[in-house]
Protein chains: 2
Amino acid sequence: MISKKTKYGLKALGYLAKQKSDGPVQISSIAKSENISQKFLESILLTLRKAGFLGSKKGKGGGYYLLKNPDEIKIASIYRTLEGPIAMVPCVSLNFYEKCNDCDSEKECHVNHLMIQIRDNTLAILEKNTLADFIKK
Amino acid sequence: MISKKTKYGLKALGYLAKQKSDGPVQISSIAKSENISQKFLESILLTLRKAGFLGSKKGKGGGYYLLKNPDEIKIASIYRTLEGPIAMVPCVSLNFYEKCNDCDSEKECHVNHLMIQIRDNTLAILEKNTLADFIKK
DNA sequence: GTTAAAGTCTACTACTCTAGTAGAGTAATC
DNA sequence: GATTACTCTACTAGAGTAGTAGACTTTAAC
C-alpha cells in the first residue's frame, strides 16, 4: 500500500504534465482539481521541489511548474522520493538497503529470494514508465 | 514494504514445510531457528491457524503443523491473510476493494491504471508460487 | 510603497499501526 | 497432579500518516 502522499504527488505531477501552457500553476488549482487538501498538498509539492522535480515562483502569478519534460521523468524516481523503497523488504532494496537482523544469510533466506522477484517486476514497470506515459493511459 | 508479521509468518511456514517428520513443531523451536520473538510469533501462528493454514496440538509433544501440502498453499493466500491487500491502492485491490474518495472516475485515474499493472505483475508471482516453490529457492 | 497574492516554514495534533510484552487460562500428556 | 505447550486478553512505546494552524517571505500590480 502506498501513502496518500505518494498518490497525491503522482496526481499533482500528472496534472502539471498535462498543462498546455508553460506558466506556473497554483497549488489551489491542483488541490481543487484533484480533490486534495491544499495544506497537505503544499508539503508534498515542497518535497518534490526540493527533490528537483519542480520549480516554483512566489507572489502573484506564481505557482509550481515542471523542471523537465514529462518524458524525462521516471515514475520510479518520483516513487522513491515520496514513498521511499520500491522493494518490500529492506534487505532487497537497491536504494534503501538495510540488513535484516533476523537473517544470518541473505542467500539462504527464502523471503529474500521471493521479494527480489517482486522487486524486479515492479521496478521494471516504474523505470519503464515516465510521467509522459503515465498521463497517456 | 511488508510488515514483520508477514515476513515472520512466511519464514515460519517455510520452516514447517521443510520438516521431515509430520509431527507438530513447537513455537519455541521455530522462534529460535528463525530469530523471532516467541510471543510475537505466537500471535502470528494463531492467525495462520484461524485462517486454516495450520493445525495445533496442545500439551506435551504439542505444537503447530501444516494442514495442507506445501504445494497446495499459494503464497498469495498467505500474503493476504497476514498483510492484507496485494495492490498498492485500495481502488485496485481485488479482495480488499475500496473506492477512493478523491477520484470521481477510476477509468480516468492515471494512478489507478499504473497500479493495476503493478498489481497484475505482483499477483502473478504470488499466485504462481506455492509454499513448496518458496522453500526451494 | 502599499496591498494582495502565493509559496515557505515551523509546530502541533489526532489517529492508527507496528512490534512487541505480560500474564492468566486451558488442554493434553506422563 | 504436575508439567508442557498452545490460547487469549490486555496493555504499551514508538513511529508513521494525514492532516491543521499560523506566521513569514517574496513578487507583482496598483
Side-chain angles (χ1 to χ4, degrees), chain A residues 1-12 16 23-51 53-67 81-85 88-90 96 98 100-102, chain B residues 1-12 16 23-51 53-67 81-85 88-90 96 98 100-102:
Chain A
M1 285 280 154
I2 58 169
S3 62
K4 298 218 165 177
K5 184 172 154 192
T6 301
K7 189 189 174 195
Y8 292 164
L10 284 170
K11 287 178 81 173
L16 289 173
V25 179
Q26 294 167 33
I27 298 175
S28 59
S29 303
I30 308 174
K32 208 168 287 177
S33 168
E34 303 295 332
N35 291 306
I36 305 170
S37 145
Q38 179 167 339
K39 272 293 188 183
F40 189 29
L41 183 58
E42 278 181 20
S43 69
I44 298 169
L45 295 180
L46 213 49
T47 302
L48 290 170
R49 200 211 64 185
K50 286 176 182 168
F53 293 103
L54 298 176
S56 66
K57 201 186 161 198
K58 287 186 177 183
K60 192 162 191 176
Y64 281 97
Y65 50 90
L66 290 175
L67 285 176
T81 298
L82 295 173
E83 191 69 23
M88 282 184 165
V89 281
F96 300 83
E98 272 176 61
C100 305
N101 42 16
D102 57 307
Chain B
M1 283 279 155
I2 59 169
S3 61
K4 298 217 166 179
K5 184 173 153 193
T6 301
K7 188 188 176 196
Y8 292 165
L10 284 170
K11 287 179 80 173
L16 289 173
V25 179
Q26 294 168 35
I27 299 175
S28 59
S29 302
I30 308 174
K32 207 169 287 178
S33 169
E34 304 294 333
N35 290 306
I36 305 171
S37 144
Q38 179 168 339
K39 272 293 191 182
F40 189 27
L41 183 58
E42 277 181 22
S43 69
I44 298 169
L45 295 181
L46 213 50
T47 302
L48 290 170
R49 201 212 63 187
K50 285 175 182 168
F53 294 103
L54 298 177
S56 65
K57 202 185 161 196
K58 288 185 176 181
K60 191 162 192 178
Y64 281 98
Y65 50 91
L66 290 175
L67 285 176
T81 298
L82 295 173
E83 191 69 22
M88 282 184 165
V89 282
F96 299 84
E98 270 176 62
C100 304
N101 41 16
D102 57 308

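Residue numbers begin at 1 in each chain, while the letters A, B, ... track the order of the sequences.
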Q: OP1 or OP2 of dC6(D) versus the side-chain N and O atoms of Lys50(B): is any pair under 4.0 Å?
A: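 Indeed not, no polar side-chain atom of Lys50(B) lies that close.
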
Q: Please give, in whole Å, the distance from dA6(C) P to Ile30(A) CD1?
A: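 Rounding to the nearest Å, CD1 of Ile30(A) and P of dA6(C) are 13 Å apart.
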
Q: What integer distance in Å separates Leu46(B):CG from dC6(D):C1'?
A: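 Answer to the nearest Å: 8 Å.
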
Q: Check whether any side-chain N or O of Glu83(A) sits under 3.5 Å from a backbone N or O of Ser3(A) as a donor-acceptor pair, and report yes or no.
A: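 Present.
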
Q: Does any part of the side chain of Lys11(A), heavy atoms only, come nearer than 4.5 Å to the side chain of Ser33(A), both counted from C-beta?
A: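 No; the side chains remain at least 4.5 Å from each other.
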
Q: If I take atom CD in residue Gln26(B) and atom P in nucleotide dT3(D), what distance separates them, rounded to the nearest angstrom?
A: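 Going from CD in Gln26(B) over to P in dT3(D) covers 17 Å.
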
Q: Ignoring backbone atoms, test whether Lys60(A) places a side-chain nitrogen or oxygen under 4.0 Å from the OP1 or OP2 oxygen of dC30(D).
A: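 Result: no.
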
Q: Could you give the CZ-to-C1' distance, from Arg49(A) to dA6(C), as a whole number of Å?
A: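 The distance from CZ of Arg49(A) to C1' of dA6(C) comes to 13 Å, rounded to the nearest Å.
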
Q: For the pair made of CG in Leu45(B) and C1' in dA5(D), what is the distance, rounded to whole Å?
A: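 It is 13 Å, rounded to the nearest whole Å.
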
Q: With a 4.5 Å limit on heavy-atom distance, are the side chains of Leu67(A) and Leu54(A) in contact?
A: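 Side-chain contact under 4.5 Å: no.
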
Q: I need the CE-C1' distance between Met1(A) and dT18(C), as an integer number of Å.
A: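 Rounded to the whole Å, the gap is 17 Å.
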
Q: For the residue pair Asp102(B) and Lys7(A), establish whether any side-chain heavy-atom pair is separated by less than 4.5 Å.
A: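 SC-SC contact between Asp102(B) and Lys7(A) confirmed.
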
Q: Do Asn101(B) and Asn35(A) have side chains that get closer than 4.5 Å, going by heavy atoms?
A: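 No - every pair of side-chain heavy atoms lies 4.5 Å or more apart.
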
Q: Any chance you could list the contact pattern along nucleotides 10-24 of chain D? Use B for base contacts, S for sugar-phosphate-only contacts and - for none, protein heavy atoms under 4.0 Å, 5' to 3'.
A: --------SSBBB--

Q: Which heavy atom of Ala12(A) sits nearest to which heavy atom of Leu41(A), and what is that distance?
A: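 Taking every non-hydrogen atom into account, CB-CD1, 4.0 Å.
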
Q: Rounded to the nearest angstrom, tell me the gap between atom NZ in Lys58(B) and atom P in dT29(C).
A: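 Checked: the NZ to P distance equals 12 Å.
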
